[in-house]
2 protein chains.
Amino acid sequence: MSPTTPTPASAKREQLLDTAWSLFCRNGYRAVGIDTVLAEAGVAKMTLYNHFSSKEDLIAAAMEKKGAETLAGLDRLIAAGRSPQKRLLAVFDWLAGWLESDNFTGCAFLKAVGEYTAAGDKPRQAATAFKQAMQDRIETLCREAGLKSPALLARQLILVIDGATLHADMHANPGYAADARAIAKALIEAAAG
Amino acid sequence: MSPTTPTPASAKREQLLDTAWSLFCRNGYRAVGIDTVLAEAGVAKMTLYNHFSSKEDLIAAAMEKKGAETLAGLDRLIAAGRSPQKRLLAVFDWLAGWLESDNFTGCAFLKAVGEYTAAGDKPRQAATAFKQAMQDRIETLCREAGLKSPALLARQLILVIDGATLHADMHANPGYAADARAIAKALIEAAAG
DNA sequence: CGGAAAATAGACAGACCGGTATATTTTATT
DNA sequence: AATAAAATATACCGGTCTGTCTATTTTCCG
């Protein structure tokens, strides 16, 4: 109710999540220490451990936040599509826009899977949860478009998306988005017949 | 008493490379310390630093060795294929065999890209070199099969392969190999017409 | 056998790590 | 203005990290 408070949730907490995400995304998780995050965020150490119980907790929280934001942005782009097929292909427009963006540094969810290899690790769990949510959305789009085997197709499409993301990062070349889109079109046409 | 085998290339060195590979592959690079590798390999620290100048050097050397072995094994499988198309699809048989193997723990090359994000990092360079060699081989197979746009097709196929590898690791499910193969068949058929 | 090369053990350095404890200051609400 | 909550600075802990040094032992080979 107070007009001065912009966010009910702590602003420091959000600052922490954002800078943590960008640092981890750019340099990897284990390569970046807590102190680096704190310095860049301009936050004291005790504030961090007041909001999160551990570094892995911070990582998982950042992944959940960015995952939700990403899905929300994607949903907006999907909703703008006028036909079911257009809505499905909008995912690949979104992909291209991301890979071509200046601050693209690979997918932090995929990196989390590589660095946290135990099934119980929170970052890995957060990553698989996000990818699953993404796949579910795509499957829904496939079903709404009346395509055959929507579950299989969704698995294939997300596989293509992540493959393109990886190679775009590895070779510093956003052109893989177009390759992925071409695959998607072929698969969709085959599933439409 | 000279025992059985005096290997010309240092046996300790090979031991080091093999155990390093398996440990890094299973747990990630920064998560595994030098001492762990040394203990598991049964090798003294000075022996390591006598053969390699740093941990990253050891990693890159292990990647080069395993990369060469992998390509050699793949080449054998390809050579067994009787038609050009069969030879191309043999790559996906190889993929399925790998993803289904008991000791599958994801692709250490892809993990290296995630952990070593600077363009000058040796592990990253070793990873991109291997993936490029793989892509070149596939492109040759596409060209020998008389397919259209072999370079584009090779990019797409390797993208599919790595996407499947990633998701098979993430969800502990080798079934993505079959999905990848289905995509490959569709792309190859489209490029054959 | 004997000497050179390879490998060993083990201590050690210097830095960095995640996380805690304490005491103080800022901020926000009433 | 009073008070409670949030955030701060700073010092510190035990542990781990890569890499080095020295001195000793094992192995290879002519």
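Residue numbers begin at 1 in each chain, while the letters A, B, ... track the order of the sequences. Scope of the values below: all heavy atoms of this structure, side chains included, with no hydrogens, waters or symmetry mates.
Under 4.0 angstrom from either OP1 or OP2 of D:dA7 there lies at least one side-chain N or O belonging to A:Ser10. In this model, the phosphate group of D:dC21 is not approached by any side-chain N or O of B:Lys45 to a distance below 4.0 Å at OP1 or OP2.
No donor-acceptor distance shorter than 3.5 angstrom exists from the side chain of B:Ser149 to the backbone of B:Leu152, with no hydrogens or angles considered. B:Thr117 places a side-chain N or O within donor-acceptor distance of the main-chain N or O of A:Arg26, the cut-off being under 3.5 Å. For B:Thr165 (side chain) and B:Ile161 (main-chain N/O), a donor-acceptor pair under 3.5 Å exists by modelled atom type.
Between B:Glu115 and A:Lys111 no salt bridge is recorded (no basic side-chain N to carboxylate O distance below 4.0 Å). A salt bridge links A:Arg143 and A:Glu139; the closest N-O separation between the charged side-chain nitrogens and carboxylate oxygens is under 4.0 Å. Salt bridge annotation for A:Asp93-A:Arg87: absent, with no cationic side-chain nitrogen under 4.0 angstrom from a carboxylate oxygen.
A:Tyr49 places its OH atom 16 Å from the C1' atom of D:dT10, with the value rounded to the nearest Å. Atom CE in B:Met46 sits roughly 13 Å away from atom P in C:dA6 (whole-Å rounding). Between the C1' atom of D:dT8 and the CG atom of A:Leu48 lies a distance of 14 Å, rounded to the nearest Å.
Of the residues in residues 50-65 of chain B, those lying under 4.0 Å from DNA chain D by heavy-atom distance are B:Ser54, B:Lys55. The stretch residues 15-37 of chain A has no heavy atom under 4.0 Å from DNA chain D, so no residue of it qualifies as close.
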Can you check side-chain contact (heavy atoms from CB on, under 4.5 Å) on B:Val160 and A:Leu159, steps first, answer last? CA-CA 7 Å; B:Val160 166; A:Leu159 176 160; 3.9 Å; yes
Residue pair A:Lys131, A:Asp136: steps toward the salt bridge (Lys or Arg N to Asp or Glu O under 4.0 Å) verdict: CA-CA 9 Å; A:Lys131 292 293 178 190; A:Asp136 291 347; over 6 Å; no
Check the pair A:Val37, A:Lys55 against side-chain contact (heavy atoms from CB on, under 4.5 Å), reporting the backbone distance first and the verdict last. CA-CA 10 Å; A:Val37 177; A:Lys55 180 186 183 181; over 6 Å; no
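For the residue pair B:Asp162 and A:His167, a side-chain donor N or O sits within less than 3.5 Å of a side-chain acceptor on the partner. For the residue pair B:Asp121 / B:Gln125, no side-chain donor-acceptor distance below 3.5 Å is found, with atom types taken as modelled.
Within the helix from C:dC1-D:dG30 to C:dT30-D:dA1, the inter-axis angle between the opening and closing five-pair segments is 30°, rounded to 10°.
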